[in-house]
Amino acid sequence: MSERITELKNEYFSTGTLSELPSQLFIAGEWCDAAGGETLEVSDPSSGKSFAAVSAAQAEDVARAVEAADAAFHSHWRDLKPSARGMILARTADLLEQQADFFSVVEALDSGKPLGEAQGDIGSSVQALRYYAGCADKIQGDSFPLGAETFSFSCLEPVGVTAHIIPWNYPLATTIRGVAPALAAGCTAVVKPAEQTPLSALLLAGLFKEAGLPNGVYNVIPGTGQGAGAPLVDHPKVRHTTFTGSVGTGSKVMQAAAAHISSVTLELGGKSPIVALADCDLEKTAEGVLWAIFYNAGQICSAGSRLVVERSIHRALVDKIVEKTAQLQAGHALQNPNYGAINSREQLEKIEGFVERARARGISIACGGHRLKVADSESGWFYAPTIMDDVPMQDELVQEEIFGPVLTVQVVDDPEQAIVAANCTQFALAAGIYTQNVTQALRLSRAIDAGQVTVNDYWAGGIEVPFGGNRQSGIGREKGLEALRNYSTTKAITLAF
Ligand code: NAI
Ligand code: MG
């Protein structure tokens, strides 16, 4: 652990807060209070206590941010040499890397995730900034054959002001995942972080400013969904909205965008299956499933929340995963445990509700099924790693997203039944397959409806790989080169000689 982290930990544990935390909105390159003077409390899920407050934007502030983004778009950003845009993103990546310790501590405090996981998020955010920095000058069009007398070509133009509505589970990583390709493509951005976790998107504003990003290109307006999110997506000057969150809110965002004919990327819920075939490597599969569901205490849209397992290995595999849950030790995020808190009291109650209803229906609980009391963090929001065994297909544990550390096990008799079980929900985000048989792996990869499938390593992937879902899991793709298409529109130019 670096000296800087030790200093920050000492400061936090002795004062209950940190100096240097942002507390205002960031609009047109300036820090400012919300016009209405309202604020949001920022809580540390590991202790259940508030440790900061930030201004809460309302419609008036949102409108100012969108106007600033629109002015910056037209006055220079869209016309800046793309390689210069890339340089600013690359400088921001360097600054984030230099300040990774501070960002990691703030992210761990704000979200409740273990410090080591927060460090991982900052690392992948640096990579995402570098990836799109390199893309900025490679967004290019095509030419079309119309014969000797005509010349026809296309160029990709930035769509304009983009809105980014961010959830609380990956506050900085989700912000950068959307904003980096948007800025690379020549768009400007207004970010509405989740009300639970506004700090890191605000801190990023300071880095962008230091890296030389022109005023108005990146704006941050923390606030509630109703107070700040809705007026943002309703604003007619917003040309694209990138949203990550619940299905219900995603549907509202899409309706708001429809009112002024603008596009959306929706990254919504999941109930992603992990299929374990009879020939899988049991040890590797158990380890894979453990982290697929218990990393970030299961608060991941693409968590592997259903284990679809062949009957012949069901008992042995579930026993092995249960055994491995003993390694998971909860603690205050800054003590860097390997198992963190639930982000909010509401989310904790939601998780508990699912498990208690299942218990009342007589579903077997292989482990967990209760809140956790953690030494030194008695009032923190922790829930035990939980495994619900042999659950029927129509049960709400199979059908509904819980968004917490609850694995639902479905037992099947053969790979055909595994495909049916894997596809039995309204969601289609991610899927994992564990088998030694390449033919089966490819056959199942085709047959399972999902935006991404991984084989023998659930979290395999990176910023290079497109990410998103089908059906209720959303529309469009983020990450990879595909994300650039969300922020670009094609202009075809044809000249007759
Ligand atoms: P939510 O979808 O309501 O919130 C996500 C973001 O949308 C937040 O920034 C929120 O302020 C904003 N928002 C809310 N209403 C809005 C509106 N009308 N217009 C524009 N923006 C709006 O999700 P919430 O309430 O935080 O969590 C509820 C459930 O959603 C969770 O239990 C979980 O199942 C799921 N969820 C899924 C996530 C994912 O990664 N796909 C992330 C967070 C939550
Ligand atoms: Mg909400």
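When a ligand or atom number is given, it counts from 1 through the structure's own listing order.
Side-chain atoms of Arg78 do not come within 3.5 Å of backbone N or O of Gly160 as any donor-acceptor pair. A donor-acceptor pair under 3.5 Å links the side-chain atoms of Ser473 to the main chain of Gly269, judged by distance alone.
Annotation for ligand 1: atoms under 4.0 Å from non-hydrogen atoms of Glu401 are 33 (C), 34 (O), 35 (C). Those atoms of ligand 1 with a heavy atom of Glu267 less than 4.0 angstrom away are 41 (N). Residue-ligand proximity, Lys192 to ligand 1, at heavy-atom distances under 4.0 Å covers atoms 8 (C), 9 (O), 10 (C), 11 (O). Distances below 4.0 Å separate heavy atoms of Lys350 from the following atoms of ligand 1: 29 (C), 31 (C), 32 (O), 33 (C), 34 (O). The contact set between ligand 1 and Ala194, taken as ligand atoms under 4.0 Å from a residue heavy atom, comprises 9 (O).
Crowding of Gln426 atom CD: a count of heavy atoms from other residues, nucleotides or ligands under 6.0 Å exceeding 12. More than 12 heavy atoms of other residues, nucleotides or ligands shown are found within 6.0 angstrom of CZ on Arg371.
Look at Arg359 and Glu356 and you find a salt bridge, because one of the NZ, NE, NH1 or NH2 atoms lies within 4.0 Å of a carboxylate O, short of that distance.
One option in Ser246, Pro167, Gly404 has a heavy atom closer to atom 30 (O) of ligand 1 than any other, and that option is Ser246. Relative to atom 17 (C) of ligand 1, the option among Ser344, Gly225, Cys301 with the closest non-hydrogen atom is Gly225. Of the candidates Gly248, Ala230, Ala303, the one placing a heavy atom closest to atom 19 (N) of ligand 1 is Ala230. Summarising the contacts of atom 7 (O) of ligand 1 with Ile402, Ile300, Ile165, the nearest heavy atom is found in Ile165. For atom 11 (O) of ligand 1, the nearest non-hydrogen atom from the set His164, Gln255, Gln226, Glu195 belongs to Glu195. The closest heavy-atom contact to atom 5 (C) of ligand 1, among the options Leu268, Asn343, Val253, Thr244, comes from Thr244.
Using a 4.5 Å heavy-atom cutoff, the side chains of Thr325 and Leu290 are in contact. Considering only heavy atoms from C-beta on, Cys135 comes within 4.5 Å of Leu481 through its side chain.
Not a single N or O atom of Phe243, backbone or side chain, sits closer than 3.5 Å to an N or O atom of ligand 1. Residue-to-ligand polar distances keep Thr224 apart from ligand 1: every N/O pair is separated by 3.5 Å or more. For ligand 1, the polar-atom distance check against Gly223 finds no nitrogen or oxygen pair separated by under 3.5 Å.
In Ile166, the part holding a heavy atom less than 4.0 Å from any atom of ligand 1 is the backbone. With a 4.0 Å cut-off on non-hydrogen atoms, Gln347 touches ligand 1 through its side chain and not its backbone.
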Output a table of donor-acceptor pairs, distance under 3.5 Å, between side-chain atoms of residues 103-116 and any protein atom two or more places apart or on a different chain; print 'none' if there are none.
{"unit_1": "Ser104", "atom_1": "OG", "unit_2": "Ala100", "atom_2": "O", "d": "2.6"}
{"unit_1": "Glu107", "atom_1": "OE1", "unit_2": "Ser200", "atom_2": "OG", "d": "2.7"}
{"unit_1": "Glu107", "atom_1": "OE2", "unit_2": "Leu172", "atom_2": "N", "d": "2.8"}
{"unit_1": "Asp110", "atom_1": "OD2", "unit_2": "Leu199", "atom_2": "N", "d": "3.2"}
{"unit_1": "Ser111", "atom_1": "OG", "unit_2": "Glu107", "atom_2": "O", "d": "2.7"}
{"unit_1": "Ser111", "atom_1": "OG", "unit_2": "Lys113", "atom_2": "N", "d": "3.2"}
{"unit_1": "Lys113", "atom_1": "NZ", "unit_2": "Asp121", "atom_2": "OD2", "d": "2.6"}
{"unit_1": "Lys113", "atom_1": "NZ", "unit_2": "Asn169", "atom_2": "O", "d": "2.9"}

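Counting only residues at least two apart or in different chains, ring pair (Phe, Tyr, Trp, His ring centres under 6.0 Å) contacts with residues 216-269 comprise Phe208-Tyr218, His240-Tyr487.
Of the residues listed (Arg177, Lys479, Arg477), the one engaging Glu267 in a salt bridge (charged side-chain N to carboxylate O under 4.0 Å, His left out) is Arg177, and it is the only one.
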